[in-house]
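Atoms considered below: every heavy atom in the structure, side chains included; atoms not considered: hydrogens, waters and symmetry mates. We're numbering straight along the sequence, starting at 1.
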Amino acid sequence: MINSLLDNDFYKFTMQHAVMKLFPKARARYRFINRGQHVFPPGFAMALQAAIADLAKLRLTDREKSYFATTCPYIDPTYFDFLQGYRYDPTEVHIEQHGGELTVAIEGYWYRTILWEVPIMSLICELYYLLTDQVRQPDEQVIATATQKIERYGQLGVTIAEFGTRRRHSYAVHRLVVQALRTAGEGTFIGTSNVHMAMLSQTKPIGTHAHEWFMFHAAKYGFKMANLLGLEHWSDVYRGDLGIALSDTYTTDVFFTQFDKKLTKLFDGVRHDSGDPLAFADKTIAHYRQHGIDPHSKTIIFSDGLDADKVTRIALHCRGRIGISFGIGTNFTNDVGLPPMNIVIKMTEAYPEEAHWTPVIKLSDEPGKHTGEAGMITLAKQILDIP
């Protein structure tokens with residue numbers, strides 16, 4: 001199901017590199033959240049544990065190392081040496097099943113455990129369909145569906161990246177989809193978040209950082225400083241590369257109050273991941289104008305539950321006002337005639353070197369996507385003056 005160490009999202013590797021440089025002694029805890037209330041069949045936990053144990057056999061090959069280092073020269077060479085020696089440690093993952101309910105918890109040094117989220121989610125999805133005997137559409141239909149979608153996006157005149165590793169139907173479907181996008185999407189398809197798929201298709205790995213980067217910064221420095229120091233530290237490591245800032249860890253309104261003129265000029269753009277995309281575009285354009293920056297020189301990456309209709313609506317709203325691009329996930333990699341899974345794995349606690357275990361939260365622009373302890377969410381809202 002997973003046969004390469006690079007079968008993971010690019011931002012996991014870029015964050016791992018930054019964590020090793022800045023926070024090598026930090027620890028983290030993650031847990032599985034079953035948003036879709038899926039019922040897991042008997043024996044699922046045992047099958048998942050076996051699949052996770054197999055990940056310990058993965059090694060970064062010389063070919064993979066060469067591709068990664070050549071494609072991403074802004075990452076230190078020492079990191080690729082580290083990655084070649086990295087091994088998944090299944091003892092960092094604890095799995096239980098009670099009836100149809102599944103519990104997955106991860107704990108360890110942050111620089112190690114940061115790589116678990118994406119492959120475990122993809123394994124859960126693939127095993128779920130397999131062990132519940134759900135039959136997907138044939139390969140020809142999968143290819144045709146992906147081809148039709150990328151051709152429609154081409155007609156719309158937008159650029160598209162594939163972001164669907166976490167909730168893909170399976171490795172096989174993911175491979176078919178990326179091949180179809182690469183074949184039919186010239187000028188439209190600009191890359192994939194999955195480094196392994198990018199290498200196979202000789203395209204670009206896409207991504208920067210995720211919510212956990214800012215969640216950890218809140219645990220270490222406090223909610224008021226999380227966005228500012230998170231972006232400052234990111235720029236310290238990457239010096240202007242990987243310049244798309246994630247905006248909604250503590251709501252977009254709070255983000256823009258902390259996205260000062262220096263950072264606004266330094267970063268190439270922002271990523272939208274929750275809430276009304278049109279309202280977000282208007283706020284972003286207004287923010288750039290307020291700081292005397294031409295919005296046409298910046299880019300918004302939209303990545304929240306996109307499909308063709310939503311992309312069309314956003315493109316028509318933004319065209320001629322600001323640069324735009326789109327990252328599409330599940331709608332590409334799990335559109336096979338079966339209901340897609342609604343699952344996540346989120347960081348729940350962080351242990352900065354000089355502190356203690358601290359609960360972490362995410363305050364999305366959609367209240368239904370808030371994650372973390374209720375008491376900490378309430379405290380964060382009070383500190384950040386969020387209604």
Legend entry - Geometric class of the Tyr221/His233 ring pair [parallel <30°, tilted 30-60°, perpendicular >60°]: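 Tilted.
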
Inset, instruction - Give me the ring orientation class for His38 and Phe40: parallel if the planes are under 30° apart, tilted from 30 to 60°, perpendicular past 60°. - result: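 Because their plane-to-plane angle is over 60°, the rings of His38 and Phe40 count as perpendicular.
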
Distance only, no hydrogens: is a donor on one side chain within 3.5 Å (strictly under) of an acceptor on the other, for [X] and [Y]?
| X | Y | value |
| --- | --- | --- |
| Asn194 | Thr192 | no |
| Asp273 | Ser303 | yes |
| Glu107 | His94 | no |
| Ser274 | Asp248 | yes |
| Ser122 | Thr165 | no |
| His272 | Asp365 | no |
| Gln134 | Thr132 | yes |

Inset, instruction - Can you spot which of Gln141, Lys149, Gln148 makes a side chain to side chain donor-acceptor pair (under 3.5 Å) with Thr145? - result: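 With Thr145 as partner, side chain to side chain donor-acceptor pair (under 3.5 Å) holds for just one option, Gln141.
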
So does [X] pair up with [Y], basic N to acidic O under 4.0 Å?
| X | Y | value |
| --- | --- | --- |
| Asp253 | Lys283 | yes |
| Glu349 | Arg31 | no |
| Arg166 | Glu117 | yes |
| Arg321 | Asp282 | yes |
| Arg136 | Asp139 | yes |

Legend entry - Set of side chain to side chain donor-acceptor pair (under 3.5 Å) partners for Thr312, sequence neighbours left out: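 If we apply the side chain to side chain donor-acceptor pair (under 3.5 Å) test to Thr312, skipping adjacent residues, there are no hits.
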
Verify the ring-centre separation between [Y] and [X]: is it less than 6.0 angstrom?
| X | Y | result |
| --- | --- | --- |
| His209 | Tyr238 | no |
| His217 | Phe23 | yes |
| Tyr30 | Trp116 | no |

Legend entry - With sequence neighbours excluded, residues passing ring pair (Phe, Tyr, Trp, His ring centres under 6.0 Å) with Phe13: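 Phe68.
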
Would you mind writing out the side-chain donor-acceptor pairs for residues 45-58 within the sub-3.5 Å range, not counting sequence neighbours?
unit_1, atom_1, unit_2, atom_2, d
Asp54, OD1, Lys57, NZ, 3.2

Inset, instruction - Count the heavy atoms belonging to other residues, nucleotides or ligands that lie under 6.0 Å from CZ of Phe80, then report whether that count exceeds 12. - result: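 Buried by this count: over 12 neighbours within 6.0 Å.
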
